[in-house]
Amino acid sequence: MLTITLPDNSTREYAAPLTVAEFASDIGAGLAKAALAGRVNGKLVDTSYRLESDAAVAIVTGKDPDGLEVLRHSTAHLLAQAVKKLFPSAQVTIGPVIENGFYYDFAFERSFTPDDIVQIESAMAALATAQLPVKREVWPREKAVEFFLNIGEKYKAEIISDLPAAEPISLYQQGDFIDLCRGPHVPHTGFLQAFKLTKLAGAYWRGDPKNEMLQRIYGTAWPDQKALKVYLDRLEEAEKRDHRRIGKIQDLFHFQEEAPGNVFWHENGWKLFLTLQDYIRSQLSERDYIEVNTPELVDRSLWEKSGHWEKFGKDMFVTETEQRLYAIKPMNCPCHIQIFNQGLKSYRDLPIRMAEFGSCHRNEASGTLHGLMRVRHMTQDDAHIFCTPDQVQSEASAFIDLLLTIYRDFGFDNLILKLALRPEQRFGDDALWDKAEDALAKALDGAGLAWQPSPGEGAFYGPKIEFSLRDSLDRVWQCGTLQLDYVLPERLQAVYIAEDSSKQTPVVLHRAAFGSFERFIGILIEHYAGKLPLWLAPVQLMIMSITDRHADYARFVCMALKKQGIRARLDLRNEKVGFKIREHTLRYIPYQAVIGDQEVQTGTVALRALDGSDCGRLTIDECAKRLIQEVQSKGKRQK
RNA sequence: GCUGGCGUAGCUCAGUCGGUAGAGCAGCUGAUUUGUAAUCAGCGGGUCGUAGGUUCAAAUCCUAUCGCCAGCUCCA
């Protein structure tokens with residue numbers, strides 16, 4: 001007699017052991033059909049798992065996050081099976097589940113081509129239609145190693161040899177394909193109905209560039225076609241929002257061969273850049289920051305003292321003149337410490353919050369450059385807070401507050417916070433780390449935010465908080481950072497005089513909210529899909545004449561609005577108004593004002609919003625007032 | 001940096017088996033003076049990323065190189 005408890009706490013009794021699948025069909029035929037796996041006492045198992053004693057059992061379907069994972073994992077196996085069928089000499093390696101899908105790495109004598117992918121995909125579909133049962137077996141380790149070596153799968157044999165001795169070696173067989181896998185897997189391949197191979201790429205064996213390059217095939221898999229379509233549509237939407245595409249349409253910036261990774265900001269893009277800079281400036285001055293500016297070209301000796309030369313020298317651009325070697329600064333901190341070091345500082349001077357819109361160059365590997373998101377020349381909204389150890393927590397709290405204010409102004413409400421803790425290799429004793437980590441944790445708790453620790457991810461000189469935001473497509477971007485640093489101020493001999501008149505080393509907090517303006521602008525463009533809210537839009541209002549005889553009045557209106565700080569432009573071209581409206585609508589200009597005889601006579605403008613709605617005929621002052629109000633609300637007020 | 005793909009007019013792209021370059025949009029000129037998402041007509045525009053090579057002949061094939069794209073690695 002055994003008792004099975006369901007997730008709703010109801011129980012069922014059975015006289016004899018039964019499998020998860022049998023249990024599911026006892027509950028209902030529909031559930032049995034949908035059962036991908038089972039969860040027995042919290043552990044994920046195959047539907048063929050035999051229930052021999054009392055247990056808490058849940059039937060896992062595609063709706064269950066675990067079920068989706070099983071589905072994707074099984075689809076990765078299906079991919080491997082299809083590849084082995086078409087290309088028997090390919091060796092299988094690993095095939096894990098990733099966000100939204102899976103991949104499988106293969107060793108193969110030639111590169112897979114897009115044509116191969118099409119073939120592999122249809123082979124997968126055929127194998128799925130065949131509804132091959134997926135069977136699990138546990139083998140002795142030696143037998144498994146021998147088996148895989150015999151069939152020429154040296155990577156699999158290597159994986160098994162590296163598994164912990166206690167780990168049972170389970171193999172899964174579907175048709176004539178046998179793969180090492182922890183499982184669980186779907187009962188048969190017929191469950192794998194909604195998948196698509198998406199990408200083809202190289203990847204190193206075990207992620208190490210010293211190892212041989214394997215070929216990775218990426219795919220996505222979902223419980224049904226509808227969910228797959230939703231996902232594919234989202235990819236398409238992301239493509240439409242690509243900031244490189246929108247940057248071209250809206251004439252924001254460009255790149256060219258002669259300056260890889262360096263942005264040519266056009267008038268519109270630069271206006272956006274300056275708007276963001278003004279915004280940050282106003283936020284900083286409210287919070288008692290000072291703004292400074294430091295050299296971009298600094299002698300090698302300072303970078304040697306700071307430690308950058310040794311650690312990051314190869315990522316720095318250098319230039320030589322009069323037998324001196326200069327480096328273009330990759331970060332601002334050493335220079336800020338030079339400013340701090342001018343004159344003797346007292347504990348009474350602290351904290352000093354020193355900000356700079358620092359122009360930094362880093363020689364990023366060519367393959368990592370990506371539009372505005374990853375550049376070689378960037379401008380950070382950087383600041384360094386010099387404070388006493390006791391001030392760390394309150395400074396951290398103040399920065400978190402600032403950062404939340406900033407992110408909310410841009411419509412990012414969904415944040416992910418991580419506290420990166422001490423790494424293996426680190427400077428400073430454990431007592432110092434305890435104190436530092438504790439201060440940051442308390443600051444996070446004080447803000448009432450959920451956060452996760454990430455052990456071992458801290459910098460060698462101190463722990464840090466990483467602030468990531470989710471954009472409107474649910475993509476995660478790391479932007480803000482707050483890093484405690486005990487090492488650099490000491491290396492560069494920063495001191496202050498404490499209450500007891502002893503010399504002390506200040507703590508430095510490196511901090512940024514945007515990260516870099518370039519990257520943040522890229523994120524904003526994609527977040528808003530190019531439809532920047534009025535307060536950010538480089539061109540806020542387009543004033544259009546209907547015929548030439550309205551041009552003078554249109555110019556007058558434009559000047560009047562510009563005087564009130566509105567970014568207005570004129571379109572006096574000899575075109576029909578419908579043509580002009582279409583063009584500016586496609587460029588997402590937030591407001592358009594039409595000027596014809598009636599407006600000239602009444603001293604008004606006919607205002608039209610981007611969504612096509614008619615805002616009516618307004619006097620110039622009314623129009624200005626309306627726009628200014630919307631700018632001040634930063635688009636947070638409902639229309 | 002590594003692997004693979006790509007690079008043709010200002011933009012988006014076509015160009016078959018190697019035979020001497022094409023469309024739409026944009027631009028220019030002219031007509032049109034127009035009321036809320038495309039007025040009409042005509043015209044100009046390319047060292048096919050760059051440098052070599054093969055060939056009677058190269059956008060097309062080969063090599064190198066630069067850049068871009070996807071992923072890997074990296075990301076102070």
Side-chain angles (χ1 to χ4, degrees), chain A residues 98 103 105 110-114 116-117 198-218 239 242 244-245 248-249 251 254-261 303 306-308 310-316 329-334 360 362-371 373-375 378 380 459-462 464 466 478 481 483 485 487-488 510 512 515-516 519 542 544-551 572-587 592-599 606-615 617:
Chain A
I98 53 173
Y103 66 78
D105 285 348
R110 66 166 177 85
S111 298
F112 290 124
T113 65
D116 294 334
I117 296 299
T198 50
K199 277 179 290 212
L200 191 57
Y204 303 105
W205 168 235
R206 304 203 146 159
D208 188 336
K210 288 195 220 55
N211 290 337
E212 58 269 64
M213 174 77 66
L214 305 173
Q215 293 187 66
R216 177 170 297 177
I217 299 175
Y218 285 89
E239 211 165 301
D242 192 311
R244 293 164 297 193
R245 197 181 86 86
K248 216 172 259 173
I249 295 171
D251 195 15
H254 85 271
F255 290 91
Q256 67 186 53
E257 283 202 24
E258 289 83 350
W303 304 111
S306 71
H308 289 97
E310 190 196 351
K311 256 189 107 69
F312 310 112
K314 61 182 186 311
D315 298 325
M316 287 159 71
K329 68 176 172 189
M331 42 184 42
N332 308 302
C333 23
C360 296
R362 299 177 185 180
N363 194 3
E364 304 286 356
S366 57
T368 62
L369 301 179
H370 179 89
M373 302 302 193
R374 193 146 172 103
V375 289
M378 58 171 167
Q380 296 178 300
F460 71 95
Y461 49 76
K464 59 183 175 183
E466 289 178 348
Q478 204 225 301
T481 180
Q483 305 186 14
D485 192 345
V487 174
L488 195 63
H510 307 254
S516 82
R519 189 171 138 86
M542 186 60 69
M544 300 170 279
S545 55
I546 288 188
T547 75
D548 289 347
R549 66 177 176 276
H550 310 121
L572 303 179
R573 291 176 301 170
N574 172 17
E575 295 289 353
K576 286 187 163 179
V577 75
F579 177 88
K580 296 183 186 181
I581 286 171
R582 177 183 157 80
E583 201 162 275
H584 305 307
T585 301
L586 289 173
R587 289 193 175 152
Q592 305 180 12
V594 176
I595 287 175
D597 289 337
Q598 295 167 59
E599 287 72 27
L607 195 65
R608 178 195 155 101
L610 179 56
D611 63 7
S613 61
D614 183 358
C615 310
R617 200 170 295 145

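Quick note on labels: first sequence line is chain A, next is B, and so on, each numbered from 1. Side chains are part of it too, since the values below use all heavy atoms of this structure and drop only hydrogens, waters and symmetry mates.
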Using a heavy-atom cut-off of 4.0 Å across all strands, would you classify [X] as base, sugar-phosphate, or nothing?
| X | answer |
| --- | --- |
| R362(A) | base |
| V594(A) | base |
| A365(A) | base |
| D614(A) | nothing |
| F312(A) | base |
| G596(A) | base |
| E310(A) | nothing |

Please confirm whether the shortest side-chain N or O distance from K248(A) to OP1 or OP2 of U12(B) is below 4.0 Å.
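Yes.
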
Would you measure the distance from the [atom1] atom in [N] across to the matching atom in [M] and give it in whole Å?
| N | M | atom1 | answer |
| --- | --- | --- | --- |
| G27(B) | C68(B) | P | 29 Å |
| A51(B) | U32(B) | P | 48 Å |
| U50(B) | C6(B) | C1' | 16 Å |

Using the 3.5 Å cut-off, write out each protein N or O paired with an N or O of nucleotides 29-32 of chain B and the distance between them.
unit_1: U32(B); atom_1: N3; unit_2: N574(A); atom_2: ND2; d: 2.7
unit_1: U32(B); atom_1: O4; unit_2: N574(A); atom_2: ND2; d: 2.1

Output the rounded distance in Å from CD (E212(A)) to C1' (U73(B)).
16 Å

Between the protein and nucleotides 64-71 of chain B, which nitrogen or oxygen pairs come in under 3.5 angstrom?
unit_1: C66(B); atom_1: O2'; unit_2: E257(A); atom_2: OE1; d: 3.3
unit_1: C69(B); atom_1: OP1; unit_2: R244(A); atom_2: NH1; d: 2.8
unit_1: A70(B); atom_1: OP1; unit_2: R244(A); atom_2: NH2; d: 3.2
unit_1: A70(B); atom_1: OP2; unit_2: H370(A); atom_2: ND1; d: 3.0
unit_1: G71(B); atom_1: O3'; unit_2: Y218(A); atom_2: OH; d: 2.9
unit_1: G71(B); atom_1: O2'; unit_2: Y218(A); atom_2: OH; d: 3.2

